[in-house]
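Just so it is clear: chains get the letters A, B, ... in the order the sequence lines come, proteins before strands, and each one is counted from 1.
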There are 2 protein chains.
Amino acid sequence: MTKRTERRADALSKEKIVAAAILLLDAEGEGGLTFRALASRLATGSGAIYWHVADKGELLAAATDHVVTRAMSAIEAGGADPRDAIRTIALGMFDTIDAHPWVGAQFSRAPWQPAMLRVFEAIGARLWQLGVPEGARFNAWSTLVTYIFGAAGQNAANARLQAPGTDRSAALADIAGGWSRLDAAEYPFLRQVAPQLAAHDDRDQFLAGVDLILAGIGTVL
Amino acid sequence: MTKRTERRADALSKEKIVAAAILLLDAEGEGGLTFRALASRLATGSGAIYWHVADKGELLAAATDHVVTRAMSAIEAGGADPRDAIRTIALGMFDTIDAHPWVGAQFSRAPWQPAMLRVFEAIGARLWQLGVPEGARFNAWSTLVTYIFGAAGQNAANARLQAPGTDRSAALADIAGGWSRLDAAEYPFLRQVAPQLAAHDDRDQFLAGVDLILAGIGTVL
DNA sequence: ACCTGAACACCGTTCAAGT
DNA sequence: ACCTGAACACCGTTCAAGT
């Protein structure tokens with residue numbers, strides 16, 4: 001009965017534009033999202049998009065919010081032990097940003113988005129549940145959230161840097177090879193960890209960081 | 001005697017181009033660095049820059065390397081206790097990226113740069129000195145480095161987001177105000193920390209995160 | 001060897017004109 | 001109300017032509 005239901009089925013809408021933008025971003029990366037490319041996929045003119053969306057920033061923000069919302073609703077961390085719940089949420093964000101690397105660059109441009117607030121609350125609630133005292137709660141929460149999104153963002157940046165064909169272990173072997181050939185007097189540490197760099201798994205390393213922060217939080221309980 | 005010493009004093013060079021780029025980046029932000037603007041500052045044509053520099057990516061990488069190198073050589077963390085040395089290095093990076101926000105976005109695009117290696121080594125060496133056992137060393141190091149650059153980068157992104165005139169505490173008050181008005185059933189944690197968000201100092205919060213990770217590392221010593 | 005600056009192939013965004 | 005697509009004001013990068 002409303003105007004909205006009377007619209008043609010193929011009419012443009014912000015939802016359709018955002019859905020097409022996500023497809024484009026996933027397929028071709030951040031550089032692939034162009035108003036011209038988007039308009040051509042939607043079989044319309046570039047100006048039509050501006051009727052529904054203020055600018056490219058709003059489009060990227062809406063796409064990020066959509067992806068993070070979908071990811072959060074798929075994460076099952078309900079009855080678990082608070083530490084396990086934090087690990088589950090953290091890994092969920094890591095995997096989401098790994099699958100959509102453009103999300104990693106975007107979220108630091110709009111950290112106040114609704115979906116982000118849900119992640120923030122989920123982490124904070126578990127810290128509360130864990131019994132972190134009032135005085136330590138805010139810093140414990142911000143350290144975790146900063147680490148989770150910082151690490152996931154850096155992982156996504158690595159993925160974006162890499163040539164599409166090559167795999168991660170070859171790239172790591174390259175960097176580790178460089179480290180092992182550094183000057184022994186100036187870079188003893190990097191030379192020593194080079195083999196571990198070559199062999200490590202990014203996801204395990206990320207989780208080890210979450211565990212280390214949880215161990216630090218354990219000292220103030 | 002060499003060709004190099006015979007060159008005119010006002011001749012272009014990569015060093016001069018990088019120095020001008022840093023001035024431009026600091027004055028007008030990442031969007032202000034344009035080959036046209038740079039060429040006009042250097043009183044030359046945009047094509048001349050390409051004789052000394054491959055592309056914009058190399059220019060940003062060189063500018064970042066210059067700034068981080070300068071910062072690292074100013075940091076005095078020599079004889080200090082390893083934990084204090086790590087805090088000093090971390091704060092030095094935080095302040096550097098705070099003063100040059102474009103560095104925060106750049107470093108994740110080129111983490112293998114010489115200056116970055118020096119930071120990596122400096123952190124790693126202190127962990128070694130601290131006696132972190134072999135099996136925990138790599139993860140402890142990567143957690144610290146990831147947190148330091150992730151947090152500093154997010155801080156810089158916040159700075160870039162803000163309108164040039166407004167100050168940080170007004171922006172925080174705004175966000176905190178929003179959080180305190182969230183639905184009480186869905187967002188109890190964010191409502192509860194809103195006052196702390198409004199009152200906190202970014203630099204102190206950053207350092208509290210470093211300390212929390214150091215506390216976590218303490219549990220594996 | 002190094003510099004000049006017009007030209008090329010793109011962008012995001014606007015806007016008069018249409019339906 | 002919504003859509004079209006040309007036009008505007010930019011980009012990074014290239015390259016023939018100069019010195």
*Asks:* Could you report the tightest heavy-atom contact between A:D55 and A:Y50, atom names first, then the distance?
*Replies:* CA-CE2, 4.2 Å
*Asks:* How long is the gap from OH on B:Y147 to OG1 on A:T146, to the nearest 0.5 Å?
*Replies:* 5.0 Å
*Asks:* What N/O pairs connect the protein and nucleotides 13-19 of chain D at under 3.5 Å? Give each pair on its own line.
*Replies:*
unit_1: D:dT13; atom_1: OP2; unit_2: B:Y50; atom_2: OH; d: 2.9
unit_1: D:dT13; atom_1: OP2; unit_2: B:K56; atom_2: N; d: 3.0
unit_1: D:dT13; atom_1: O5'; unit_2: B:Y50; atom_2: OH; d: 3.1

*Asks:* For B:I49 and C:dA6, give me the distance from atom CD1 to atom P, rounded to whole Å.
*Replies:* 15 Å
*Asks:* Which whole-number value in Å describes the distance from B:L60 CG to D:dG12 C1'?
*Replies:* 12 Å
*Asks:* What's the spacing between A:F189 CZ and B:L127 CG if we round to 0.5 Å?
*Replies:* 6.0 Å
*Asks:* Using only side-chain N and O atoms of A:H52, determine if any of them is under 4.0 Å from OP1 or OP2 of D:dC3.
*Replies:* yes
*Asks:* With heavy-atom distances below 4.5 Å as the criterion, would you say the side chains of B:W51 and B:L12 are in contact?
*Replies:* no
*Asks:* Can you check whether A:V68 reaches A:M93 side chain to side chain, under 4.5 Å on heavy atoms?
*Replies:* yes
*Asks:* Throw together a table of side-chain donor-acceptor distances under 3.5 angstrom for residues 17-29 of chain A, partners on residues two or more places apart or in other chains.
*Replies:*
unit_1: A:D26; atom_1: OD1; unit_2: A:H100; atom_2: ND1; d: 2.8
unit_1: A:D26; atom_1: OD1; unit_2: A:W102; atom_2: NE1; d: 2.7
unit_1: A:D26; atom_1: OD2; unit_2: A:H100; atom_2: ND1; d: 3.0

*Asks:* Applying a 3.5 angstrom cut-off to the pairing atoms, does DNA chain C sit in any stems of at least three consecutive Watson-Crick or G-U pairs? List them by first number.
*Replies:* C:4-8 with D:12-16, C:12-16 with D:4-8
*Asks:* Ignoring backbone atoms, test whether B:W51 places a side-chain nitrogen or oxygen under 4.0 Å from the OP1 or OP2 oxygen of C:dC3.
*Replies:* no
*Asks:* Do B:V210 and B:F206 have side-chain heavy atoms sitting under 4.5 Å apart?
*Replies:* yes
*Asks:* When all nucleic acid strands are considered with a 4.0 Å heavy-atom cut-off, which category describes B:L38: base, sugar-phosphate, or nothing?
*Replies:* nothing
*Asks:* Return the value, rounded to whole Å, for the distance between atom CG of B:L42 and atom P of C:dG5.
*Replies:* 14 Å
*Asks:* Rounded to the nearest angstrom, tell me the gap between atom CG in B:L24 and atom P in D:dC11.
*Replies:* 11 Å
*Asks:* I'd like to check B:D95 versus B:R203 (side-chain heavy atoms, cut-off strictly below 4.5 Å). Are they in contact?
*Replies:* yes
